[in-house]
Enquirer: 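Take a look at this one; I'll ask things after.
What you are looking at is a predicted structure, and each value in this text was computed from that prediction instead of being measured.
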Amino acid sequence: MPSREEVAYFGAGPAPLPTPVIEAGGKAFVNYNNTGLGLAEISHRSPTANAVLAEAKSALTTLYDIPEGYEILFMQAGGSGEFSAVVHNLVSVWVERRRRKAEEALGNDEDKLLERLRKEVTEELKVDYLVTGSWSLKASQEAARLIGTKYVNVALDARKANNGKFGRIPEEATWSLTPTKQEGGTGSAFVYLCDNETVDEFEFPAFPQCLEPQGADNEEDERIVVADMSSNFLSRKVDVSKYSVIFGGAQKNVGVTGITIVIIKKSLLPPQTATPPPALLHKLEIGGLPGTIVLDYATIAKNNSLYNTLPIFNLWIASQVMVNLVKTFGEQKVSGQEEIANKKAELLYKTLESHPEVYQVVPEKSVRSRMNICFRVLGGDAEKEKEFLAGAETLNLTGLKGHRSVGGIRASNYNAVPLDNVEKLVRYLEDYATK
């Protein structure tokens, strides 16, 4: 049986964790700080749990330089749960902001307020999605399931520019975003993107120019940009101020399954933006609203992420990963991890590109993911890919099988994958191509 050090695991998630964190986690699971209890057994409302929560928030704030005007939430239900949460919460924000303006114009006449809001929902409510891969596609489908297809504007479907497949992104000028007030429109409730697509090996190379703040006099007239960063979280420097909501499941770069991290502008939460009364949402008949309370950002923020039972052991694992990144990179912060991630990805891509007769990288070079390197062997020959995977397994190079929906080979280059393991894979790629 191979040891942990002998196995080079490249699975897409759950992903490997730093060995020191795993070892410390084993002790903490049995007896945390000599309390006689494991971290999975303590109350989520205890001083110990609150200390873990505070440490996690502090480390994340340091790594990402999160501005003062943001709140950090720790939730459950994973990235897929956020597909729903984003719709529930941000369409509610859209309704509340419209209700407030209507009240300023019409006073407290409930019938007139309701009539105006119904008209605005019917004529103006839109949510924009940039569909660049399987996960953003699923997110847009969830929005359509919840509130109806008529409200969902797929502003970009990258398949249309690539013969029905994901793998490149057309010019921003071709995207059909809902026009903002500055552009002569009314704006959408939000614009949604997936920063890194694990299945289709797509990663936004930079923040889209067309989503940059437009300098509106009123912040409420700016686009609300939402990013799913589940699979490239803490792998590169991010200007948090350009986003209204960033979320990510922990099980790629931060921790174990069971924790979802949300970074959200405080202006989207009470007291700056109140939660509209459930009775109003019922009358407006926007499907899916109000949403489940355990995915309600305002409720989770008000209760310091402890409205319901948060898995404190899982949170502690994420906290230790982040604290270790702070200690390792110091003033470099997440930029230090970015340098390592880039180096590993460059090694893999360079090797694949040096043998084009054997390996074919899936997406266009300009949007290649640093986290998920997807390629085919001999043009997707099924038997040769099985042979490649079997040979890798004999060398303890594991987790390389591509996603079931697309096949092929996928090497996930998450933060805890050591450079040594990437170099082992590079040697195998060279040997296989030249045998």
Side-chain angles (χ1 to χ4, degrees), residues 8-25 55-67 70 72 74 79 194-198 201-207 227-243 246-256 259-263 315-350 368-373 399 410-426:
Y9 181 60
F10 296 92
L17 287 163
T19 296
V21 172
I22 289 288
E23 291 173 342
E55 184 178 53
K57 284 187 176 184
S58 175
L60 183 56
T61 299
T62 297
L63 289 166
Y64 265 156
D65 283 321
I66 297 176
Y70 285 77
I72 297 170
F74 295 101
C194 180
D195 207 40
N196 184 79
E197 295 274 5
T198 58
E201 197 210 344
F202 170 96
E203 186 173 27
F204 276 95
F207 188 81
D228 174 359
M229 294 190 183
S230 293
S231 53
N232 64 355
F233 204 81
L234 293 178
S235 71
R236 65 179 177 183
K237 186 175 177 59
V238 170
D239 184 350
V240 173
S241 68
K242 293 184 178 181
Y243 301 87
I246 294 171
F247 72 82
Q251 66 272 16
K252 312 289 188 182
N253 276 332
V254 191
V256 294
I259 291 289
T260 310
I261 301 170
V262 177
I263 305 169
L315 177 62
W316 182 85
I317 292 288
S319 174
Q320 293 309 293
V321 169
M322 292 188 285
V323 166
N324 285 351
L325 287 174
V326 172
K327 291 178 180 176
T328 300
F329 297 113
E331 291 185 1
Q332 281 187 292
K333 301 177 183 177
V334 79
S335 296
Q337 181 60 53
E338 181 176 11
E339 289 178 11
I340 294 174
N342 291 350
K343 181 178 180 179
K344 293 187 294 177
E346 286 166 9
L347 272 174
L348 288 167
Y349 282 123
K350 182 179 179 181
R368 285 180 184 171
S369 169
R370 300 163 306 118
M371 295 288 100
N372 309 100
I373 290 83
R410 175 173 57 178
S412 292
N413 174 39
Y414 294 130
N415 286 356
V417 174
L419 178 59
D420 286 350
N421 287 1
V422 170
E423 290 173 340
K424 289 177 186 176
L425 177 55
V426 164

Enquirer: Can you measure from CG (Leu419) to CG (Leu347) and round to the nearest 0.5 angstrom?
Expert: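 The distance works out to 6.5 Å.
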Enquirer: Output all residues satisfying ring pair (Phe, Tyr, Trp, His ring centres under 6.0 Å) with Tyr9, sequence neighbours left out; order by chain, then residue number.
Expert: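 Checked Tyr9 against ring pair (Phe, Tyr, Trp, His ring centres under 6.0 Å); zero matches.
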Enquirer: Here's a test for you: under side chain to side chain contact (heavy atoms under 4.5 Å, CB included), which of Asn253, Val238, Ile261 qualifies with Met229?
Expert: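 That would be Val238.
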Enquirer: Is the shortest heavy-atom distance from the side chain of Val426 to the side chain of Leu348 under 4.5 Å?
Expert: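 SC-SC contact between Val426 and Leu348 confirmed.
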Enquirer: On a heavy-atom basis, which atom in Gln251 and which in Val256 lie closest, and how many Å separate them?
Expert: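 In terms of heavy atoms, the two residues are closest at CB-C, 4.1 Å.
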Enquirer: Of the non-hydrogen atoms in Arg370 and Ser235, which two are nearest, and what is the gap between them?
Expert: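 Where Arg370 meets Ser235 most closely, the heavy atoms are NH2-OG, 2.9 Å.
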Enquirer: Quick check against the 3.5 Å criterion: does Asn415 have a side-chain atom that pairs as donor or acceptor with the backbone of Ala341?
Expert: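 A pair under 3.5 Å: no.
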Enquirer: Look at the side chain of Ser230 and the backbone N and O of Gly249, then say whether any donor-acceptor pair between them is shorter than 3.5 Å.
Expert: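 Present.
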Enquirer: Measuring only between side-chain heavy atoms, which start at C-beta, is Phe329 closer than 4.5 Å to Val334?
Expert: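 They are not in contact (no side-chain heavy atoms under 4.5 Å apart), so the answer is no.
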Enquirer: Hey, could you give me the CG/CD1 distance between Leu17 and Ile22, rounded to the nearest 0.5 Å?
Expert: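 Output value for this atom pair is 4.5 Å.
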Enquirer: Strictly by salt bridge (Lys or Arg N to Asp or Glu O under 4.0 Å), give each pair with a member in residues 410-424 just once, sequence neighbours left out.
Expert: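 Every candidate salt bridge (Lys or Arg N to Asp or Glu O under 4.0 Å) pair involving residues 410-424 fails, so no pair, neighbours aside, qualifies.
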Enquirer: So how far is it from Trp316 CH2 to Ile259 CD1, rounded to the nearest 0.5 Å?
Expert: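 Interatomic distance, Trp316 CH2 to Ile259 CD1, rounded to 0.5 Å: 13.5 Å.
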Enquirer: Quick one about Gln332 and Glu339 (side-chain donor to acceptor, distance below 3.5 Å, no hydrogens or angles considered), yes or no?
Expert: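 Yes.
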Enquirer: Say you draw a straight line from CZ of Phe74 to OG1 of Thr260; how long is it, rounded to the nearest 0.5 Å?
Expert: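 Between Phe74 CZ and Thr260 OG1, I get 10.5 Å after rounding to 0.5 Å.
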Enquirer: What's the verdict on side-chain contact (heavy atoms from CB on, under 4.5 Å) for Ile373 and Phe10, showing C-alpha distance, side-chain angles and the deciding distance?
Expert: CA-CA 10 Å; Ile373 290 83; Phe10 296 92; over 6 Å; no
Enquirer: Under a 3.5 Å distance rule, please check whether Asn413 uses its side chain to pair with a backbone N or O of Asn372 as donor and acceptor.
Expert: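 No; zero donor-acceptor contacts below 3.5 Å.
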Enquirer: Under the side-chain contact (heavy atoms from CB on, under 4.5 Å) criterion, do Glu197 and Cys194 qualify, and how do the steps go?
Expert: CA-CA 6 Å; Glu197 295 274 5; Cys194 180; 3.5 Å; yes
Enquirer: How many angstroms lie between atom CD1 of Ile340 and atom CD of Gln337, to the nearest 0.5 angstrom?
Expert: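 So the gap between those two atoms works out to 5.0 Å.
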Enquirer: Do you know which two heavy atoms are closest between Ser231 and Met371, and how far apart they sit?
Expert: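 Smallest heavy-atom distance, with atoms named: O-CG, 3.2 Å.
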Enquirer: Between Lys344 and Val417, what is the shortest heavy-atom contact and its length?
Expert: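 Shortest heavy-atom separation between Lys344 and Val417 comes out as NZ-O, 2.6 Å.
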Enquirer: Is the distance between the ring centroids of Tyr243 and Phe207 less than 6.0 Å?
Expert: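 Aromatic pair counts; centres sit under 6.0 Å.
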Enquirer: Counting only N and O atoms by type, is there a donor-acceptor contact under 3.5 Å from the side chain of Tyr64 to the main-chain atoms of Lys333?
Expert: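 Such a contact is absent between Tyr64 side chain and Lys333 backbone.
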Enquirer: State, to 0.1 Å, how close Tyr70 and Ile263 come at their nearest heavy-atom pair, and which atoms those are.
Expert: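 Taking every non-hydrogen atom into account, CD2-CG2, 3.9 Å.
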Enquirer: Quickly, which of Asn196, Asp195, Thr198, Asn232 forms a side-chain hydrogen bond (donor to acceptor under 3.5 Å, both in side chains) with Ser369? Name it, please.
Expert: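 Exactly one pass, corresponding to Asn196.
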Enquirer: Tell me whether Ser319 contacts the main-chain N or O of Leu315 through its side chain, where contact means a donor paired with an acceptor under 3.5 Å.
Expert: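 No: the side chain of Ser319 does not pair with the backbone of Leu315.
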Enquirer: Output yes when a side-chain donor or acceptor of Glu338 lies under 3.5 Å from a complementary backbone atom of Lys237, and no otherwise.
Expert: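 Yes; judged by distance alone, with no hydrogens or angles, the pair exists.
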Enquirer: If you apply the rule side-chain contact (heavy atoms from CB on, under 4.5 Å), what do you find for Leu234 with Leu60, and how did you get there?
Expert: CA-CA 9 Å; Leu234 293 178; Leu60 183 56; 4.0 Å; yes
Enquirer: Rounded to the nearest 0.5 Å, how far apart are NZ of Lys327 and CE of Met322?
Expert: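 One gets 13.0 Å once the value is rounded to the nearest 0.5 Å.
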Enquirer: Do Asp65 and Val240 pass the side-chain contact (heavy atoms from CB on, under 4.5 Å) test, and can you show the C-alpha distance, the side-chain angles, and the key distance before you say yes or no?
Expert: CA-CA 8 Å; Asp65 283 321; Val240 173; over 6 Å; no
Enquirer: Measure across Gly11 and Ser412 and return the closest heavy-atom pair with its distance rounded to 0.1 Å.
Expert: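 The pair with the smallest heavy-atom distance is O-CB, 3.4 Å.
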Enquirer: One pair to check against salt bridge (charged side-chain N to carboxylate O under 4.0 Å, His left out): Arg368 and Glu203. What are the steps and the verdict?
Expert: CA-CA 6 Å; Arg368 285 180 184 171; Glu203 186 173 27; over 6 Å; no
